[in-house]
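To start, the structure itself, in structure tokens.
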Amino acid sequence: MAVQTRPLPTGPTTEPRPRRPRPRRSVAPYLFVAPFFLVFTVFGAYPLLQTFWVSLHDWDRLSGQAEWVGLDNFRRLLDDADFFTALFNTLSIFVLSTVPQLLAALGVAWLLDRHLRARTVWRALVLVPQYVSVVAVALVFSQLFGRDYGIVNWVLQGLGVIDAPVDWTADTWSSHLAISFMVMWRWTGYNALIFLAAMQAVPRDLYESAAIDGASRLLALRKVTLPAIRPTLLFTVVISTIGGLQLFAEPFLFDQQGNAEGGAEHQFQTLTLMLYKYGFINNDAGYASAVSWVLFLVIAVVAALNFLLARRADRR
């Protein structure tokens with residue numbers, strides 16, 4: 001019986017490779033993110049570009065008459081001594097209010113993270129300043145820091161810190177301190193709850209390991225808690241920077257005249273007060289738009305510096 005054998009291949013054979021299926025492009029993800037970009041375009045990008053266009057004109061807000069002036073509004077701004085005063089006031093109040101506020105919020109969150117009785121009540125109480133209208137807050141603090149009958153002067157005189165009552169609205173540093181206390185009282189509890197939420201997400205095993213190694217609560221805060229909540233710290237710093245540099249209601253209501261001048265010598269006039277003065281009192285929309293664009297650039301630069309410093313700290 002003959003055995004059939006297969007012929008040997010005369011050359012290399014190559015089998016065709018199976019084609020990889022092309023990824024199917026779905027439009028669903030684009031539809032989900034489209035509302036954000038639509039809203040941002042209408043309420044963010046367009047007003048920003050429109051404001052820049054207005055800043056290039058001598059634009060009357062009431063009549064709507066506009067005359068092209070190019071960058072003259074920005075040149076006028078750089079020659080205006082009141083602008084540099086407002087810029088200094090903005091940065092000064094921002095530093096005096098934001099840095100102690102975030103440190104106090106971190107301390108409050110650290111205390112609330114412990115096993116306390118009625119923890120829910122304590123956590124709700126720190127949000128009480130958010131329930132109060134900013135107008136009421138400004139009126140109360142204006143009375144507290146009053147020159148003749150203010151409680152702050154009465155306490156400081158009773159302790160022997162000052163000899164004569166302080167006119168808190170008359171001097172640069174006293175007005176900055178008063179407004180900073182107002183901002184700190186209003187926003188410390190809000191940031192404390194954000195820190196508390198981040199602290200509760202830290203695994204408890206890390207704290208147990210630190211306790212076994214003999215670490216105290218303060219050392220665990222520095223070595224365990226702060227590195228774990230660093231993204232939240234960066235978030236609060238950026239948000240506080242944006243809000244602190246756009247401060248308007250507190251200094252506006254702190255001025256007894258209510259004319260957006262920030263005192264007789266502009267000692268606590270911020271950039272937003274200056275913007276309001278020229279845009280809604282003097283009706284100079286072109287110059288006010290130039291102020292708003294400079295404020296936007298200042299906020300962007302300070303936020304970028306905070307972000308870079310935070311990333312540099314992460315690399316260490």
Side-chain angles (χ1 to χ4, degrees), residues 36-98 134 172 176 179 183 234-235 237-255 259-263 265-310:
F36 165 76
F37 288 101
L38 180 62
V39 172
F40 174 76
T41 301
V42 175
F43 297 100
Y46 172 74
L48 191 65
L49 296 176
Q50 177 66 16
T51 303
F52 183 72
W53 176 254
V54 174
S55 68
L56 302 178
H57 295 77
D58 184 7
W59 197 301
D60 187 87
R61 187 179 65 88
L62 296 180
S63 65
Q65 296 179 355
E67 179 182 355
W68 175 267
V69 294
L71 298 177
D72 286 350
N73 283 324
F74 293 94
R75 297 190 187 96
R76 173 187 167 192
L77 193 66
L78 295 178
D79 293 333
D80 191 352
D82 291 341
F83 164 72
F84 290 100
T85 301
L87 179 61
F88 169 77
N89 294 337
T90 301
L91 296 176
S92 174
I93 297 174
F94 160 69
V95 173
L96 291 175
S97 62
T98 302
V134 63
T172 299
H176 290 188
I179 295 173
V183 176
L234 176 60
F235 168 78
V237 167
V238 173
I239 294 299
S240 300
T241 299
I242 296 173
L245 294 176
Q246 291 180 339
L247 200 62
F248 172 76
E250 287 82 356
F252 179 74
L253 296 172
F254 189 68
D255 189 2
N259 53 8
E261 293 288 345
E265 299 179 359
H266 310 292
Q267 58 266 24
F268 55 93
Q269 184 184 52
T270 60
L271 287 176
T272 50
L273 278 181
M274 186 178 182
L275 189 158
Y276 177 82
K277 169 188 171 182
Y278 284 98
F280 295 94
I281 297 179
N282 297 345
N283 297 317
D284 191 351
Y287 194 63
S289 298
V291 175
S292 67
W293 254 89
V294 172
L295 177 61
F296 167 73
L297 294 178
V298 170
I299 293 174
V301 169
V302 176
L305 288 176
N306 290 331
F307 181 75
L308 292 176
L309 291 175

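- Annotation: the span from L273 atom CG to N89 atom CG amounts to 9.5 Å, rounded to 0.5 Å.
- Closest heavy-atom contact between Q267 and T172: CB-OG1, 3.6 Å.
- In this structure Y287 satisfies the ring pair (Phe, Tyr, Trp, His ring centres under 6.0 Å) test together with Y278, sequence neighbours excluded.
- Residues H266 and T85 bring no donor and acceptor atom of their side chains to less than 3.5 Å of each other.
- Looking at residues two or more places apart in sequence or on another chain, you find a salt bridge (charged side-chain N to carboxylate O under 4.0 Å, His left out) between E261 and K277.
- I299 is listed as a side-chain neighbour of Q246, based on a closest heavy-atom distance under 4.5 Å.
- Considering only heavy atoms from C-beta on, D80 comes within 4.5 Å of M274 through its side chain.
- Taking both residues in full, the closest heavy atoms of V294 and F83 are given as CG1-CZ, 3.5 Å, listed atom of the first, atom of the second, then distance.
- To the nearest 0.5 Å, atoms CZ (F268) and OG1 (T90) are separated by 12.5 Å.
- Using modelled atom types, one side-chain atom of R61 and one backbone atom of G279 make a donor-acceptor pair closer than 3.5 Å.
- Below 30°, between 30° and 60°, or above 60°: for H176 and F88 the angle between ring planes is between 30° and 60°, a tilted geometry.
- Among residues two or more places apart in sequence or in another chain, the ring pair (Phe, Tyr, Trp, His ring centres under 6.0 Å) test is passed with Y276 by F248, F252, F280.
- Within the structure, salt bridge (Lys or Arg N to Asp or Glu O under 4.0 Å) pairs that include any residue of residues 39-59 do not occur (at least two apart or interchain).
- Annotation: the span from L271 atom CG to L295 atom CG amounts to 5.5 Å, rounded to 0.5 Å.
- The aromatic rings of F36 and F40 sit parallel to each other, their planes meeting at less than 30°, with 60° as the upper class boundary.
- Rounding to the nearest 0.5 Å gives a distance of 6.5 Å between CG of D284 and CG of N73.
- Heavy-atom minimum distance, S240 versus T98: CB-CG2, 3.7 Å.
- Listed by chain and residue number, R75 satisfy the salt bridge (charged side-chain N to carboxylate O under 4.0 Å, His left out) test with D72 (two or more places apart in sequence, or in another chain).
- Here the OG1-CZ distance, from T270 to F94, works out to 13.5 Å after rounding to the nearest 0.5 Å.
- Listed here is the closest heavy atom pair of G263 and D255: N-OD2, 3.6 Å.
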Scan the side chains in residues 46-56 for donor-acceptor partners under 3.5 Å anywhere in the protein, sequence neighbours excluded, and list what turns up.
unit_1	atom_1	unit_2	atom_2	d
T51	OG1	P47	O	2.6
S55	OG	F52	O	2.5

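- Note: L245 CG to I93 CD1 = 10.5 Å, rounded to the nearest 0.5 Å.
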